[in-house]
Amino acid sequence: MNPKRSEVQEKECNKIQELTKRLYQNHTLLDEELIEILQCEQEDALEFLYQYARQVREKYYGKKVYTRGLIEFTNYCRNNCYYCGIRCENRKIDRYRLHKEEIYQCAKEGYALGFRTFVLQGGEDAYYTKEKLGEIICYLKDHYPDCALTLSFGEWEQEAYQYWYDCGADRYLLRHETADESHYKMLHPEKMSFVHRKECLKLLKQIGYQVGSGFMVGSPGQTIELLICDLRYLETLQPHMVGIGPFIPQADTPFAASKAGTLLMTRKLLSILRLMFPKTLLPATTALGTIHPNGRELGILSGANVVMPNLSPTDVREKYLLYDNKIHSGFESAQYREKLAMQMKQIGYELSIERGDSLM
């Protein structure tokens with residue numbers, strides 16, 4: 001027995017190690033076993049979990065950390081999600097839309113910096129019609145045929161999804177946010193549909209997109225039992241990417257006074273996701289880097305293998321505020337890619353200039 005641990009701590013550590021090994025072998029556990037890991041706060045026991053997650057990601061992806069150039073092209077949104085700073089009822093936000101030529105310039109600069117995946121992210125802005133966005137997709141795929149193009153543009157109908165896919169979009173990111181309908185209704189206005197969100201994800205996979213889903217960690221009303229629901233839903237969906245990050249409140253939303261999600265819970269979930277879905281892509285998100293100065297590195301050390309620096313014009317980065325204190329300069333900025341590379345090197349990893357497709 002480790003002399004620094006009590007008998008109770010030793011027992012918990014041994015149990016977490018046992019559960020981690022079984023999760024590694026079987027890629028799933030019983031609900032109560034997953035809860036046991038999620039409730040654990042013993043550092044040395046969790047380091048065993050993180051170590052196994054790193055081992056799995058390195059088995060399939062080596063030491064590579066894939067970079068995505070994020071272009072936040074509009075902060076207009078027709079939705080009124082209660083947790084989001086760009087919700088339509090937020091009258092304090094400075095709204096913007098990027099002209100297509102601005103988007104092309106972002107991509108040009110990103111390509112020169114070594115990015116081979118671009119992510120077009122925006123609120124559900126009807127200004128960008130099916131055809132307008134299709135034109136942008138076609139241009140980017142024509143000029144950068146060796147690059148992957150990801151859309152993160154919310155819920156639309158099959159016709160639009162199919163059109164953008166036919167134009168050349170490769171991937172689509174759409175977080176389910178929560179797999180429990182009652183919890184979904186707590187986070188979203190009545191007109192938004194939990195069923196439609198899940199139907200969109202199913203449809204995107206059927207069309208042929210590489211699909212990313214995910215959820216907020218520590219969102220208002222979330223319990224460990226609800227997190228288990230999220231994990232079970234992802235087992236059913238089998239996404240190519242899972243994006244999770246801590247909930248961070250935004251001052252001009254109904255949840256302004258709510259408590260933020262934690263680094264600890266996010267790290268545990270990243271490791272669990274890596275062991276459940278060994279070949280999936282897992283980003284160390286901007287939100288993780290926002291709540292802790294080393295959040296991004298700790299996410300990588302928990303099994304993540306993607307980072308998404310910002311390619312947006314510098315004068316709009318601070319306007320795409322989904323939550324408060326979002327980082328939008330320094331290591332988050334694409335122009336600081338060399339510093340980000342050094343940051344990854346210091347923890348034993350390397351930035352990759354590859355497209356970084358999912359192995360799922």
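All values reported here derive from a predicted model rather than from experimental measurement.
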Without swapping roles, check the side chain of [X] against the backbone of [Y] for a donor-acceptor pair under 3.5 Å.
X    : Y    : value
H27  : L275 : yes
K132 : K100 : no
N79  : C81  : no
Y209 : Y165 : yes

TODO: Test the R337-F115 pair against the cation-pi criterion, namely NZ or CZ under 6.0 angstrom from the six-membered ring centroid and within 45° of the ring axis.
DONE: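 So R337 does make the cation-pi contact.
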Task: Charged tip of R197 within 45° of Y184 ring normal and under 6.0 Å - done: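 No, cation not above the ring by the 6.0 Å, 45° rule.
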Spacing of [atom1] belonging to [X] relative to [atom2] belonging to [Y], to within rounding of 0.5 Å:
X    : Y    : atom1 : atom2 : value
N75  : I93  : CG    : CD1   : 4.5 Å
S302 : L273 : OG    : CG    : 11.0 Å
H176 : S213 : NE2   : OG    : 5.0 Å

TODO: Quick one: do E235 and R232 satisfy salt bridge (charged side-chain N to carboxylate O under 4.0 Å, His left out)? Show the steps, please.
DONE: CA-CA 5 Å; E235 282 185 315; R232 296 306 181 206; 3.0 Å; yes
Identify the two heavy atoms, one from [X] and one from [Y], that lie closest to each other, and give their separation to 0.1 Å.
X    : Y    : result
F153 : Y172 : C-OH, 3.2 Å
N310 : L70  : OD1-O, 3.3 Å
C88  : R91  : O-NH1, 3.1 Å
R175 : G214 : CB-O, 3.4 Å
Y320 : G123 : OH-N, 3.8 Å

Task: Heavy atoms of other groups near K108 NZ, more than 12 under 6.0 Å - done: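 No.
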Open item on the list: I need the single residue from R274, H240, R57 that forms a side chain to side chain contact (heavy atoms under 4.5 Å, CB included) with T280. Which is it?
Closed with: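 Passing option: R274.
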Task: Verdict with supporting geometry, T178 and H183, side-chain hydrogen bond (donor to acceptor under 3.5 Å, both in side chains) - done: CA-CA 7 Å; T178 174; H183 190 218; 2.9 Å; yes
Between [X] and [Y] (salt bridge meaning N to carboxylate O under 4.0 Å), is one present in this structure?
X    : Y    : value
D146 : R116 : yes
E190 : K185 : no
E18  : R22  : yes
E47  : R54  : yes
R78  : E124 : yes

Can [Y] be reached from [X] by stepping across I, L, V, M, F, W or Y side chains whose heavy atoms are under 4.5 Å apart?
X    : Y    : answer
L49  : L30  : no
Y233 : M192 : no
M186 : L227 : no

- [ ] Could you walk me through whether D166 and Q162 pass the side-chain hydrogen bond (donor to acceptor under 3.5 Å, both in side chains) test, one step at a time?
- [x] CA-CA 6 Å; D166 293 341; Q162 185 67 58; 3.0 Å; yes
Open item on the list: The test is side chain to side chain contact (heavy atoms under 4.5 Å, CB included); show your working for V307 and Q343 and say whether it passes.
Closed with: CA-CA 12 Å; V307 291; Q343 202 177 34; over 6 Å; no
Open item on the list: Assess the residue pair R171 and D357 against the criterion (salt bridge (charged side-chain N to carboxylate O under 4.0 Å, His left out)); give the C-alpha distance rounded to whole Å, side-chain angles, the decisive distance to 0.1 Å, and a yes or no.
Closed with: CA-CA 9 Å; R171 306 169 184 155; D357 290 297; 2.8 Å; yes
- [ ] Check the angle between the aromatic planes of W156 and W164 and answer parallel, tilted or perpendicular using the 30° and 60° thresholds.
- [x]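 Rings of W156 and W164: perpendicular, over 60°.
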